[in-house]
Amino acid sequence: MKKILIMNGPNLNLLGIREKSIYGDQSFEEYFETLKNKYGAVDLYYFQSNTEGMLIDKLHEVGFDFDGVVLNAGAYTHTSVAIADAIAAIHTPVVEVHISNVHQREAFRHHSYLSKNCKGVILGFGLDSYRLAIESLI
């Protein structure tokens, strides 16, 4: 059975509450239940932190024995060389995801430090971006 971790970075604990016109009105916990039901043959795990170091620690923890990581690093995507280095250091493939199409937003969101170290990038499909990332890993 494949083991896949979904990781969310800063402010994504507020999905369903914050900026609904961008992020929708469903919490990630609700959506995660949908994913677990759809992918019963996959061990799905979920981790969220607003702290950069905790995201790095989790990548180190799972990065050598999980089959994949689906990572929405939030704003750290555009600022964190440290998370990019952590992705490069592990063996587990990482798929970068974004709920919105970041290229339709502010200019600073157009650059990702993470992308070059990821298996792929999926963005702009709402919460369905996570499902597409899981499909790419299985």
Checklist entry - Do L5 and L132 belong to the same hydrophobic cluster, where Ile, Leu, Val, Met, Phe, Trp and Tyr are linked whenever their side-chain heavy atoms lie under 4.5 Å apart, directly or via other members? => result no
Item to check | Separation between NE2 of H60 and CD1 of I90, rounded to the nearest 0.5 Å | outcome: 7.5 Å
Checklist entry - Are I134 and L44 side-chain neighbours, meaning at least one heavy-atom pair lies under 4.5 Å? => result yes
Checklist entry - Any chance CZ of F125 has more than 12 other-residue heavy atoms, nucleotides or ligands included, within less than 6.0 Å? => result no
Item to check | Interatomic distance, L12 atom CG to I99 atom CD1 [nearest 0.5 angstrom] | outcome: 5.5 Å
Next on the checklist: Suppose we call two aromatic rings close when their centres sit under 6.0 Å apart. Are Y46 and F28 close by that rule?
Outcome noted: yes
Checklist entry - Shortest non-hydrogen contact from A73 to P10? => result O-CD, 3.4 Å
Next on the checklist: Checking E52 against N50: is there a side-chain donor and acceptor pair closer than 3.5 Å?
Outcome noted: no
Next on the checklist: Tell me whether Y31 contacts the main-chain N or O of L127 through its side chain, where contact means a donor paired with an acceptor under 3.5 Å.
Outcome noted: yes
Item to check | I4 vs I138 side-chain heavy atoms within contact, under 4.5 Å | outcome: yes
Checklist entry - Any sub-3.5 Å donor-acceptor pair from T51's side-chain atoms to G53's backbone N or O? => result no
Item to check | Audit row: N117, V94, side-chain contact (heavy atoms from CB on, under 4.5 Å) steps and yes/no | outcome: CA-CA 8 Å; N117 297 332; V94 175; over 6 Å; no
Checklist entry - Hey, quick one: are V69 and Y45 part of the same hydrophobic cluster, counting side-chain heavy atoms closer than 4.5 Å, chains of contacts allowed? => result yes
Item to check | Verdict with reasoning, D43 to K2, per side-chain contact (heavy atoms from CB on, under 4.5 Å) | outcome: CA-CA 6 Å; D43 274 341; K2 288 198 179 270; over 6 Å; no
Checklist entry - How far apart are the C-alpha atoms of L137 and K119, what are their side-chain angles, what is the distance that settles it, and do they pass the side-chain contact (heavy atoms from CB on, under 4.5 Å) test? => result CA-CA 9 Å; L137 291 166; K119 175 185 176 187; 4.2 Å; yes
Item to check | Exercise: do T77 and E96 side chains pair donor with acceptor under 3.5 Å | outcome: no
Item to check | Any donor-acceptor N/O pair, S112 side chain to H78 backbone, under 3.5 Å | outcome: no
Checklist entry - How long is the gap from CG on L59 to CG on D85, to the nearest 0.5 Å? => result 11.5 Å
Item to check | Residue pair G124 / S129: nearest heavy atoms and the distance that separates them | outcome: N-OG, 3.9 Å
Next on the checklist: Please verify the inter-ring angle class for H91 with F64; under 30° counts as parallel, over 60° as perpendicular, anything in between as tilted.
Outcome noted: perpendicular
Checklist entry - So how far is it from Y76 OH to S49 OG, rounded to the nearest 0.5 Å? => result 7.0 Å
Checklist outcome for this item: Heavy-atom closest pair (I56 atom, A86 atom, distance to 0.1 Å) is CG2-CB, 4.0 Å
Next on the checklist: Under the criterion side-chain contact (heavy atoms from CB on, under 4.5 Å), I'd like the reasoning laid out for L123 against V97: C-alpha separation, chi angles, the key distance, then a yes or no.
Outcome noted: CA-CA 5 Å; L123 55 90; V97 301; over 6 Å; no
Next on the checklist: Taking the side chain as everything from C-beta on, heavy atoms only, tell me whether M7 gets closer than 4.5 Å to N72.
Outcome noted: no
Item to check | Test item: side-chain donor near acceptor, E135 and Y39, under 3.5 Å | outcome: yes
Item to check | E33 side chain to E30 backbone, donor-acceptor under 3.5 Å | outcome: no
Checklist outcome for this item: Tightest non-hydrogen contact, residues S136 and V95, listed as OG-CG2, 3.5 Å
Checklist entry - Quick one: do the Y130 and N8 side chains pair a donor with an acceptor below 3.5 Å? => result yes
Checklist entry - Would a hydrophobic clustering, with Ile, Leu, Val, Met, Phe, Trp and Tyr connected at side-chain separations under 4.5 Å, put L14 with M54? => result no
Item to check | Inter-residue atom distance Q26.CD - I17.CD1, 0.5 Å rounding | outcome: 13.0 Å
Checklist entry - Atom CG of L71 and atom NZ of K58: how far apart are they, to the nearest 0.5 Å? => result 13.0 Å
Checklist entry - Taking the side chain as C-beta and beyond, is there a heavy-atom pair between T92 and V62 under 4.5 Å? => result no
